[in-house]
Amino acid sequence: MSEIKIHLPDGSSAIHESGMAVRDILTSWKKASLKSAVAAKVNGVKVDLSFRVEKDADLEPIEIGSKEGLDILRHSISHVMAQAVQESFAGVKVSIGPSIEDGFYYDFDYSETFTLEDLQKIEKKMRDIVAADLPFIRREVSREEAVELFRKKGESYKVELLNDLPEDVKEVSLYIDGEYVDLCRGPHIPSTKMIKAFKLMNVAGAYWRGDEKNKMLQRIYGTGFATEKELKEYLNFLEEAKKRDHRKLGKELDLFQVNDEVGPGLVIFHPKGALLRMIIEDWERKEHLKRGYDIVQGPQILRGDLWKKSGHFDHYREFMYFTEVEGQLYGIKPMNCIAHMMIYKSKIRSYRDLPLRYFELGTVHRHEKTGVLHGLLRVRQFTQDDAHILCTPDQLNSEIRAIADFVGYAMKIFGFDYEVELSTRPEKSIGSDEDWEMATAALEASLKDNRMAYEVNVGDGAFYGPKIDFKLKDALKRKWQCATIQCDFTLPERFDLSYIGPDGEKHRPVMLHRVILGAIERFMGVLIEHHAGAFPLWLSPVQAVLMTVTDNQIPYGENVYLQLLDAGVRVERDFRNEKLGYKIREAQMQKVPFMLVIGDKEVESSRVSPRQRDGKNLGPMGPDEFIALVREKCIKYE
RNA sequence: GCCGAUGUAGCUCAGCCGGUAGAGCAAGCGAUUCGUAAUCGCUAGGUCAGGAGUUCGAAUCUCCUCAUCGGCUCCA
């Protein structure tokens, strides 16, 4: 028997017999390491603890507390769930069951629908399996053998998966725990006993292989953690997130409504919501003018022919609303670009005019499928902070960089973290290969120049060009695309845009589509959740509520009210005949940043006593002093 | 669009196996004038999402439509 040399993560090495199991090597290294290890990496490849090491190797345990460890744990729990489902319900076919960001799921094909009571039953069964301490045993078999096995079991989805494997795959691995066999790459935890904390969350429909042409399966979502404590923390997080839901807060803070009678996906902004929106839009206009944009405004409906010319009629029609006026077809705009093109075309342009940056808070309509609508985050009418930049190919890079800077600045002001993605050519698209390559390269180059970390999203571009997407997260950690930069060589071509170059010849400009906050509605939704409705002072629709202790202070209160209004403070009065505590509670629940208390003392000294939303009392001060305080904070975007 | 769940007063919700609706908060009125998260009392409020059916009788059972929620697919 030959000897092998194992390098361990602490820098030490050990000599063992070839063929020794990872479990035993780890035990002889550090006994304790086996308690928390769910699997291991041998030369960087994830393996089970039962894996036998044949040659010299680097060995590293995968801890249950690590991200990779948690993934493996959850994946194993999904197997246990599938096992429990099969043992509890006859005729269930399994398909796939991976771990995901916050847990795991498994998709089943079953004639009956799973109910919430069924989930409890499944959970109970799972606990039995966990208690039985069943080892996960890996078996490698030939592809044919696996096909035969699953065919016999009637597991047609597994057979389909096997048949679709690349031809050079000759062997596949199975994992067996108790009676249950699953096709799986692994690795898995050594035994079901290692599962300490899990919970099944909900059932939902999901298409087989994510394709809407395929059969819809039933997906059971669950989550699992290394410890009960972490599971509890996660469940608490979900509770907290629910409280932050912008749809709930939108109602509580009286910001907006989405009403059946009006139509799905159509938002009505109430006074406070409209005010918040106005504050954001004012900020936008100011920042765009600062950066050399021109503010423009296009019409809401444009002739059908124009949409045919732009390619929207062929590629975007299913999302568009149309109307007929005097026998002419008109399309309600789903995007703002067309009018901006017409502005460019309104006269001859010189290279000296470029870049031209047209900005519009443009309201668009898109016929989104009913099932995707979601509060403010996915609607059918929305307003984009949209701009189209027409420039020479040489200017492309610096323009993209300037936009990326702008996005970074905006995210800092509003306090968001974000992720960046580069999306490439989709199947359904227009334009030449060269243009797509050039556009994609330009976007990528500017990301690299700016040293921005990004992921590539293959085939996720717009139909007219590739794009850079900036994604924000909502309270439930769902990612929402807000800012985006899209490079477009096609529309300038279709609309025959040109400029006269230094050589006196006509040239074709390049167009960038871009938004900074994206859709104002969506951005507001994410903003509400981000702040849990407690907006910073500069964004708060109501910055202060004046409240009298008794009716005696009303005349003075009216005076202060006018003074604050005149100074531009967004202030409300609560002069009702209620106790102070009641008024404070109400303002507190409305998350108003300042409550200005007026009692006899304040009247006598011509002052107000501000109480902050966090409960801190600032002590009496003159109204002008309070005005100065508000102004100072707003300038600093606090 | 697809799968599943849900839809009762302005809001949050109760209403078991069918016998024509109830609570708290909010609202209106009255009392109280009370200094940092809820003063007390009274009053009013609903074609039980909409439509059709079963039944002597439907919020409750069946079907259809609409909307919402959780996902899938798609997207700002």
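These numbers come from the heavy atoms of this one structure, side chains and all, not from hydrogens, waters or symmetry mates. In what follows, chains carry the letters A, B, and so on, assigned in the order in which the sequence lines appear, proteins first and then strands, with residues in each chain numbered from 1.
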Quick one about [Y] and [X] (side-chain donor to acceptor, distance below 3.5 Å, no hydrogens or angles considered), yes or no?
X	Y	value
A:Q553	A:T550	yes
A:T548	A:R573	no
A:T363	A:K333	no
A:S99	A:D71	yes

Would you mind classifying the nucleic acid contact of [X] as base, sugar-phosphate or nothing, using non-hydrogen atoms under 4.0 angstrom?
X	value
A:R611	base
A:G371	base
A:K248	nothing
A:V379	base
A:F114	nothing
A:V549	base
A:D460	sugar-phosphate
A:D469	nothing
A:G599	base

What is the distance from [atom1] of [X] to [atom2] of [N], rounded to the nearest Å?
X	N	atom1	atom2	value
A:D211	B:rC2	CG	P	16 Å
A:Q590	B:rA37	CD	P	17 Å
A:L266	B:rA67	CG	P	11 Å

Quick one: is [N] close enough that its OP1 or OP2 comes under 4.0 Å of any side-chain N or O from [X]?
X	N	result
A:K251	B:rU12	yes
A:R380	B:rC74	no
A:H374	B:rG70	yes
A:Q481	B:rA76	yes
A:Y582	B:rA26	yes
A:K213	B:rC2	no

Classify the side chain of [X] versus the base of [N] as yes if they form a donor-acceptor pair under 3.5 Å and no if they do not.
X	N	answer
A:R522	B:rC75	yes
A:E602	B:rG35	yes
A:Y207	B:rG1	yes
A:E586	B:rA26	no
A:D551	B:rU33	yes

Measure from the side-chain N and O atoms of A:H513 to the backbone N and O of A:C337, and report whether any donor-acceptor pair falls under 3.5 Å.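 Judged by distance alone, no pair lies under 3.5 Å.
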Does the separation of the ring centres of A:Y110 and A:F89 fall below 6.0 angstrom?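 For A:Y110 and A:F89, the ring centres are under 6.0 Å apart.
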So which nucleotide does B:rC42 pair with, by the Watson-Crick or G-U wobble rule with both distances under 3.5 Å?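 Across any shown strand, B:rC42 pairs with B:rG28.
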Quick check on B:rG45: syn or anti? Syn means the glycosidic torsion is within 90 degrees of zero.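 In terms of base orientation relative to the sugar, B:rG45 is syn.
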Compare the ring of A:W480 with the six-membered ring in the base of B:rA76 and state whether they stack (centres under 5.5 Å, planes under 30°).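 No, the aromatic ring of A:W480 does not stack with the base.
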